[in-house]
There are 2 protein chains.
Amino acid sequence: MVVVPPTGVPERSRATVYDVAERAGVSIATVSRVLRRPEAVSRATTQRVLDAVRELGYVPSGSARGLAARRSGAVGLVFPDFDDVEEIDPVCLSDEPVTVRPDPPGGAEPVTNLYMGEVMRGVEIEAWRHSLSVTVAVARGARKEAVLDDLAGRVDGLVVLGGTVPADVLARIGRSTPVVVVAGHRDGDDHDHVGTANGPGMRVLTEHLLHAHGLRDLAFAGGAADVSDDRDRFDGFRAALRAAGLPAPEAPLLRGDFTQARGRDLARRLVDAGDLPEALVCANDQTALGVLDVLLGAGVRVPQDLVLTGFDGIDAAGRSRPRLTTVHQPMVELGRVAVDALLQRLAGPGAPPTTRVLPVQVLLRESCGCGRA
Amino acid sequence: MVVVPPTGVPERSRATVYDVAERAGVSIATVSRVLRRPEAVSRATTQRVLDAVRELGYVPSGSARGLAARRSGAVGLVFPDFDDVEEIDPVCLSDEPVTVRPDPPGGAEPVTNLYMGEVMRGVEIEAWRHSLSVTVAVARGARKEAVLDDLAGRVDGLVVLGGTVPADVLARIGRSTPVVVVAGHRDGDDHDHVGTANGPGMRVLTEHLLHAHGLRDLAFAGGAADVSDDRDRFDGFRAALRAAGLPAPEAPLLRGDFTQARGRDLARRLVDAGDLPEALVCANDQTALGVLDVLLGAGVRVPQDLVLTGFDGIDAAGRSRPRLTTVHQPMVELGRVAVDALLQRLAGPGAPPTTRVLPVQVLLRESCGCGRA
DNA sequence: TCCGACGATGTAAGCGCATACATTCAATCT
DNA sequence: AGATTGAATGTATGCGCTTACATCGTCGGA
C-alpha cells in the first residue's frame, strides 16, 4: 500500500443547538422546532435559524436526540457469521502496487452473502421509506453477545436472521427491544416472525415434476439438518409424494450443508453408486449447481438422464447451463416486510406476536425439461 | 402473504442504570463502572451488579452513552443508489402463497451490489475488530441530503463511496464529521482517501498483452466517463501503449456505463462494423462479460480471434467461458483500510488529510490466452 | 498510635436535545 | 375599552449515561 504524503490541515468543530440559538438570536427550543416541526415557527425566524445552521455547519447530535426523544430512529440488522472466525487479523497488504498471478483458482461462494445482501437491501429500502437508519452487526466470535447487546441498546428494534442468535439470548434481548425473526421457526418465542412459503413452494415444484413430467422416482438432497428452511422444504417434498400415493422417504437421500462444494460431493457419491434417480430435488440452488457441475462432467445429461431442481432463485441459477428450475424466494421483500412488522410492533407494543409468510414463485426452466432447451 | 393469527402477549420494559443500581444496592456510577471499567470495581460488587443486570434484562441506552461519552461508537457507510429511484412503493405481494412462472427472463445484474457488498463486509469486519457498529445509508431520492445529515449526526465518522455525494455537500458534512472517501479522486478536498492502483494495474495488464502476447492493435472499452476509476484505467492503458512506442488514443474506442447490458451493445456495434481489434481492453468486468456474451454468439472466438480483458475481479469473471483475464481489486480491504483511516483521523484530528492506494492483482486467465485453455 | 496512601464507592455535574408548560403579544370579540 | 383567544417564542426539566471529584475505609509504616 502506498501512503501519499499529506498536504492540507483540517480543523473540526461541532456546533450545538446552543451555538445556533445564540447566533440566530432565539432560544434552543425554537432551533429544535425549526428542525422538527417547522410549521410551528414563523417564516422569518425559520430563515434566521436555518442561516445560522448553515453558517455553523450544524448537524444535530443523534445521541442527544435519541435520548431526549426516547427513540433512536434506527433499526438493527443481525447477520450470521459466514466466515466463522474468532479472530480476524489486521489488514495485510502487499507492498507492490501491482502483482501478477497466473490463473488463480476460482473465488469462493458469495451466494450466502448475496442472500443476506438482498434481505439487507429490503431492510434498507423500507427503513429509508420511513426515515429510519439501519445499523448492521454480525454475530461473530466470542464477543458475540456483547455486540448484540450493544446493537440492541442503540436501535428501536432488531431484525434477526433465523438461527443467528441462540433462542435464550434472543429472548433476553426481546425483553427490552422488539425483535423480528426472518426465516426462522417460531420456537415458543414471543418475537414477530417473517418467512416464506418454503413447504408449499417445494410441494408445488415436486407436484410439477410428478404430474407435468410424469416422474416417479424422486430423491431429495437436503441442506443443513438444523435449519428450519431445510425441514420445511423436505416436508413439502414429502407431502407432494404422499398426495400422489407414492412412498415418502423418512430422510433425505443425501444431506449437504447448502454449499456448492458439498453439492459436488453428493453428486460424486451418486455417480459412483451408479444408481441415479429420475429426479434430484435439492434443498437449495447452490447444492443443485454443485451437483449439476459434477453430473455434466460425468456425462450425465440434464434433464434427459436426470431432472434437477434447486430452491432460492439466486442469480447463478438463471445463468447455468441448463438453466435451473427452482423456487424463487422474495428476499428483498423479506427484509421490507420485516421492517414493516417492526414498525407495527413499535406502534402497538401490546399486540400479540405475529407471523407473516411471504409467497414464493416456482420458476420452471430447462433443468426439469421446461423452458426453451 | 399469509398472516398467521397471533397467540401470546408480550410485555416490554426498559430498565435503566437507576433500576440496576437500586436492585444491586449501589450507586449508578458503580453500575457504569462495572460495565465500562470492571477492573475498578471489587469482585463482590461486580457480581451483585451483574446479577441485577441479568434479572432486569438491562441493556444500556446507546443514545445516553453516546451523549455522555461524546462519541457514538459507530461508523457510517454511505452508498450510491443503484436503483436510482425517487419513490419506492410500499411492499406489494401476491395473495397466492405459491405462483408458477414458466421460464422467466434472467435476473438483473447484482454486480454493483456485489462490489458494495464486499466493501461493506470490509467495513464491518474492521469495525467489529474495534468494537464499533456500522450504520448504512443509501443516498437516494430527494431527501438525500437530510438522510446524510442524519447519518453524520449519529456516527463518529463516515465512509463514503466516491461520487455518491456532491463535493460541496461532503465538504459541509466534513466540517463536523471526519469523512473517508473510497475509490474517488481527491478534488481539492480535505477528506482522507482510500483507493486502488487502477492506473498501474491497467498498465501492467496492457503491457502483458503487448509483450507476452505480442499484440499491437488494442482498443479500450470505457465505463462511465465521469467516474475517476474509469479515467485512471484508461490513462494506465494509454501509458502502456506510449511506453511501447505505440500511438495512444485520445478517447476510448467505445464508451459504456459499466453495465453488462451496455457491454452487449458495444459488442454488437463492434461486430456490425466488422472491424475487430486484436484485443479489447474493458474498463470493468461487467462490460467485458457483456461483450463476451455477444462475441461468442457471433462466432468470434476468444482469445483466438479477439483477446478480451476486464477489470475488478468479480466472481462472475472467474466463472465465464473462457475465464476472464482481469485485474482484481481488494474490495474487502478497501473497506477495512477506510475504517482504519477513520480511526486514525479520530485519534489525530489535526493531522493533514491522507491518501492510501491499495495494491491490485493482475489475474491472467483464458481470455487473453493464458491459463489452461 | 497516628498519618498517609490507596482502593472502593458515592456525589453531582453535565452531555445536547425534545417538549410540557409558561409567557408574550397582537388580533378578535363583546 | 376590556376580555379572550391563539400564534409565536421562551423557560425549565429530564432523557440515561459517563466521569471528575469527594468521601470513606483499611492497611502499612513511622
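What's counted below: heavy atoms across the whole structure, side chains too, no hydrogens, waters or symmetry copies. Per chain, numbering begins at 1; letters A, B, ... match sequence-line order.
- For DNA chain C, the outermost nucleotides in 5' to 3' order that have an atom under 4.0 Å from a heavy atom of chain A are C/dG16 to C/dA20.
- For A/Pro38, the side chain to side chain contact (heavy atoms under 4.5 Å, CB included) test picks out no residue, with sequence neighbours left out.
- Using a 4.0 Å heavy-atom cutoff across all strands shown, B/Thr16 reaches sugar-phosphate atoms only and no base atom.
- Among residues two or more places apart in sequence or in another chain, the side-chain hydrogen bond (donor to acceptor under 3.5 Å, both in side chains) test is passed with A/Ser61 by none.
- Between the side chains of B/Ser63 and A/Arg154, no donor-acceptor pair of N or O atoms lies under 3.5 Å.
- Shown here are the side chain to side chain contact (heavy atoms under 4.5 Å, CB included) partners of A/Arg129, two or more places apart in sequence or in another chain: A/Glu126, A/Arg336, B/Ile88, B/Pro90.
- A/Asp51 pairs by the side-chain hydrogen bond (donor to acceptor under 3.5 Å, both in side chains) definition with A/Gln47, A/Arg54, not counting sequence neighbours.
- Applying the side chain to side chain contact (heavy atoms under 4.5 Å, CB included) criterion to A/Thr46, with sequence neighbours excluded, gives A/Val34, A/Val41, A/Leu50.
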Practice task
Do nucleotides 4-14 of chain D as a string where each nucleotide becomes B, S or -: B if the base has a protein heavy atom under 4.0 Å, S if just the sugar-phosphate does, - if no protein is that close.
Solution key: ----SBBB--B
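- Between the CG atom of B/Leu35 and the P atom of D/dG16 there is a distance of 16 Å, given to the nearest Å.
- A/Asp340 is linked by a salt bridge (charged side-chain N to carboxylate O under 4.0 Å, His left out) to nothing, counting only residues two or more places apart in sequence or in another chain.
- Partners of A/Ala171 according to the side chain to side chain contact (heavy atoms under 4.5 Å, CB included) rule, which considers only residues two or more places apart in sequence or in another chain, do not exist here.
- For B/Glu124, the side-chain hydrogen bond (donor to acceptor under 3.5 Å, both in side chains) criterion is met by A/Arg140, not counting sequence neighbours.
- Axis orientation changes by 50° from one end of the helix from C/dT1-D/dA30 to C/dT30-D/dA1 to the other, with each end axis drawn from 5 pairs and the value rounded to 10°.
- Among pairs with a residue in residues 158-174 of chain B, those fulfilling side-chain hydrogen bond (donor to acceptor under 3.5 Å, both in side chains) read B/Glu145-B/Arg172, B/Asp149-B/Arg172, at least two apart in sequence or across chains.
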